[in-house]
Amino acid sequence: MKVWFNPSKAIESALSTIATETEGFGLGFEPGVRPADPRFGDYQANGVLGFAKRNKANPRQLAQRLLEAAQASDSFDPALVELSLAGPGFINFKLTSAFIWQWQLAFSKVEDFQSGAKELKHGRKVVIDYPSANTAKQAHIGHLRPMVIGQAIARLLDFCGADLIRDNHIGDWGTNFGTLIMKIKRDQIDLSQLGEDALVTLDQLYKDGSALEVEQPELRDISRNELVLLQNGDASNTALWDQIVEISKVAFEKLFVQMGVEVDITLGESFYRDKVQRIYDELSEIGLAEESDGALVVWHDEVKKFARNNERPFPFNIRKKDGASNYASTDLATVLYRLEAFQAEEIVYLTDARQQDHFQQLFLTTEKWFKAKGYAKPQMSHVYWGTILGADKKPFKTKSGESIKLQELLDEARKRAFDVVTEKNPDLDKAERVEIAESVGIGALKYADLSSNRTQDYVFSWERLLSFEGNTAPYLLYAVARINSIFRKVGVDPEAPIEGASQAETEAELALARKIMGFVTALELTLSDLRPHFLCTYLYELAGAYSSFYNADKVMVDDDAVKARRLLLCARTRTVLMTGLDLLGIKPLERM
Ligand code: ARG
């Protein structure tokens with residue numbers, strides 16, 4: 001029997017194969033394998049119960065038959081997996097120490113883990129839509145989560161075998177350009193002369209322009225006209241727009257580098273401007289969209305809040321009264337483009353929670369439209385998140401009530417981490433402390449964001465996120481550094497194969513070994529609902545299991561075989577911790 005990377009999946013598939021040939025089952029039986037109460041085993045199959053009920057059969061007898069067939073098959077070597085019957089018809093699976101140890105031997109390097117994990121998404125074409133900020137505005141704290149969560153999910157999907165396209169759906173075609181161009185022309189600003197802080201100036205120009213429109217409402221017509229000119233391809237406005245887009249791009253790329261954000265393509269909202277007409281045509285033709293007050297809208301009567309007869313009408317507005325396209329039409333054109341140009345099988349969107357209605361309407365509309373046209377609808381999901389709060393439980397802002405600039409936040413993270421590192425390790429030379437602070441500071445910022453359940457708000461606290469205790473990046477980074485120091489002491493390369501190890505047998509060794517195997521389940525869980533905090537929790541528990549093992553069992557013992565197996569467990573813990581941190585976008589350190 002081969003040692004499975006993912007025991008739960010392997011048991012599941014072996015059991016359904018066996019069931020098809022076992023009397024009383026046949027096709028259509030779902031084993032229902034899940035992690036079990038550790039007192040009874042590692043996994044439990046409970047599918048016999050529902051199956052027996054549907055077929056009016058005796059569940060215990062059926063389970064007994066299946067158990068015997070499983071024991072007789074090659075899939076379950078009794079030296080590796082013990083099977084037993086329990087309760088009204090459960091089958092329990094207990095992995096023996098021999099299995100656990102073979103697993104540790106078989107899965108040693110990142111590539112081994114990855115080759116197992118690749119089955120989870122096996123080549124599926126996935127488009128991930130992030131971080132999709134808007135041009136002409138400086139990035140602020142609100143951009144932290146799309147970058148951090150987006151990057152982690154992208155890395156995870158990639159690791160688990162998705163054929164991934166990271167598409168930055170940047171907002172570069174909004175109504176704000178009218179105001180901005182009005183103000184630029186009015187002040188006769190030469191954008192090419194703005195220099196380093198060009199985006200800061202643009203940001204300010206837009207704010208001033210909007211303020212001016214409030215004072216002198218007649219300016220709104222001018223702004224609106226500038227927008228219409230831009231949308232109709234006017235040469236001078238297009239030239240201004242090109243410059244604005246370029247300035248924003250340069251500024252964002254600077255942040256992307258610091259945050260480790262990778263994108264494969266940037267197809268902004270402007271890219272779809274000549275692709276929306278087809279949307280109006282197709283949605284009208286199939287009777288899904290209708291005119292309402294001059295606008296083009298889609299109703300979803302089956303959902304109360306989007307229904308026609310709701311007292312506060314809230315249709316999916318796909319074309320404005322003045323004929324202009326909008327966020328919704330652009331997004332519909334984008335789905336079609338992703339299907340036709342990329343053959344997307346799955347699309348993952350990332351934005352904050354305030355856009356839930358938009359995506360719900362987008363998904364419903366796509367569903368009906370694609371069905372009517374016979375297009376293959378990709379699976380679509382909206383990954384959203386809550387707000388970052390200050391200590392006062394209100395959205396985290398500067399003391400004067402402004403939004404915190406992302407660059408300032410990153411700089412402060414580095415500075416604070418540097419102070420912490422210096423306090424812990426005053427003797428390290430400065431260059432090394434700066435390097436450590438980079439990983440600890442930015443890593444801590446990311447980890448705080450990832451380790452809370454994304455759909456909830458979380459309270460931002462420098463003290464907590466930079467603490468070396470608890471579920472934090474410094475704690476996990478330190479765990480890796482500590483393992484590295486053990487290997488330095490023994491003079492062994494942690495990446496090199498470890499020979500002559502005997503099989504793990506103490507309670508702490510086996511508990512740690514089981515926890516290491518739990519990486520697979522953690523990946524599965526994290527992927528299933530795209531919630532990185534599951535992976536964080538797992539890594540934190542792994543570091544805890546490692547600590548218990550380290551306190552209970554000495555590594556540096558005289559018996560070479562015991563020493564080797566303990567070093568092997570250290571090496572595996574290190575690999576899994578480093579792989580996990582890397583998936584979260586955090587750079588592990590040799591020492592701290
Ligand atoms: N730029 C948008 C915003 O700032 C986010 C875009 C999300 N992606 C999408 N396909 N709608 O809210």
Side-chain angles (χ1 to χ4, degrees), residues 126-151 153-154 157 164-177 179-180 199 202-203 206 241 244-245 248-249 251-252 255-256 259 261 263-273 275-276 279 298 316-319 325-342 344 346-367 369-370 377-388 395 403 405-406 454 530:
V126 182
V127 175
I128 179 166
D129 179 313
Y130 91 105
S132 322
N134 299 325
T135 43
K137 294 197 182 113
Q138 265 189 99
H140 52 78
I141 188 163
H143 296 91
L144 182 71
R145 307 205 79 180
M147 290 190 191
V148 171
I149 298 175
Q151 182 61 11
I153 290 179
L157 286 166
L164 196 63
I165 298 182
R166 301 161 176 86
D167 183 359
N168 183 8
H169 189 80
I170 193 159
D172 58 359
W173 205 237
T175 45
N176 57 324
F177 284 101
T179 303
L180 190 55
L199 192 61
L202 285 182
D203 208 348
Y206 174 71
W241 178 82
I244 296 168
V245 169
S248 311
K249 199 176 131 200
F252 269 105
L255 284 166
F256 287 176
M259 297 288 293
V261 169
V263 298
D264 299 315
I265 43 169
T266 299
L267 297 178
E269 292 175 15
S270 66
F271 176 77
Y272 297 95
R273 59 185 184 253
K275 299 181 178 55
V276 286
I279 306 305
V298 178
F316 198 38
N317 187 341
I318 65 167
R319 193 180 63 204
S325 64
N326 62 9
Y327 193 50
S329 25
T330 305
D331 253 333
L332 288 164
T334 308
V335 182
L336 189 59
Y337 186 82
R338 287 174 178 163
L339 175 71
E340 294 186 337
F342 307 139
E346 186 173 337
I347 307 177
V348 181
Y349 295 89
L350 289 100
T351 76
D352 70 41
R354 288 170 302 180
Q355 294 195 33
Q356 284 179 82
D357 283 337
H358 168 76
F359 284 102
Q360 207 183 335
Q361 288 175 307
L362 176 68
F363 296 174
L364 285 167
T365 307
T366 306
E367 174 103 49
W369 164 35
F370 276 28
K377 192 191 145 298
Q379 182 192 332
M380 295 158 89
S381 47
H382 181 210
V383 169
Y384 59 88
W385 48 80
T387 310
I388 305 179
S403 69
K405 300 285 170 286
L406 187 52
R454 64 172 163 76
L530 301 176

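Quick caveat, the model's predicted, so the values are computed rather than measured. Sequential numbering from 1 along the given sequence is applied to the chain's residues. Order of listing sets the numbers, starting from 1, for every ligand and every atom in it.
- Scanning the protein for heavy atoms near atom 4 (O) of ligand 1, the closest one is N134 ND2, 3.1 Å.
- Remark: ligand 1 atoms within the under-4.0 Å shell around heavy atoms of T351 are 7 (C).
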Candidate pair Y349 and Q355, rule side chain to side chain contact (heavy atoms under 4.5 Å, CB included), full reasoning: CA-CA 10 Å; Y349 295 89; Q355 294 195 33; over 6 Å; no

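- Considering backbone and side-chain N/O of R338, none are found under 3.5 Å from N/O of ligand 1.
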Intermediate values then yes/no, side-chain hydrogen bond (donor to acceptor under 3.5 Å, both in side chains), N326 and S329: CA-CA 5 Å; N326 62 9; S329 25; 2.9 Å; yes

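- For atom 12 (O) of ligand 1, the closest non-hydrogen atom of the protein is Q355 NE2, 2.6 Å.
- Here the options are R166, H169, M147, the test is side chain to side chain contact (heavy atoms under 4.5 Å, CB included), and the partner is Y130; only R166 passes.
- Under a 3.5 Å cut-off, the side chain of D172 and the backbone N or O of S270 do form a donor-acceptor pair.
- Judged by distance alone, the side chain of W385 and the main-chain N or O of P146 form no donor-acceptor pair under 3.5 Å.
- Nearest protein heavy-atom contact of atom 8 (N) of ligand 1 is D129 OD1, 2.9 Å.
- Below 4.0 Å from some heavy atom of Y349 lie the following atoms of ligand 1, by number and element: 10 (N).
- Residue contact annotation: Y130 has no non-hydrogen atom under 4.0 Å from ligand 1.
- Of the residues N168, I128, I165, the one that meets the side chain to side chain contact (heavy atoms under 4.5 Å, CB included) test with V263 is N168.
- Ligand 1 has no atom lying under 4.0 Å from any heavy atom of T334.
- A side chain to side chain contact (heavy atoms under 4.5 Å, CB included) with L255 is found for exactly one of V261, L144, L406, namely L406.
- The backbone N or O of A353 lies less than 3.5 Å from a partner atom in the side chain of Q356, making a donor-acceptor pair.
- Considering both main-chain and side-chain atoms, D331 comes within under 3.5 Å of ligand 1 through a nitrogen or oxygen pair.
- Among protein heavy atoms, the minimum distance from atom 6 (C) of ligand 1 is reached at Y327 OH, 3.3 Å.
- Every atom of ligand 1 with a heavy atom of H169 under 4.0 Å away is listed here by number and element: 8 (N), 9 (C), 10 (N).
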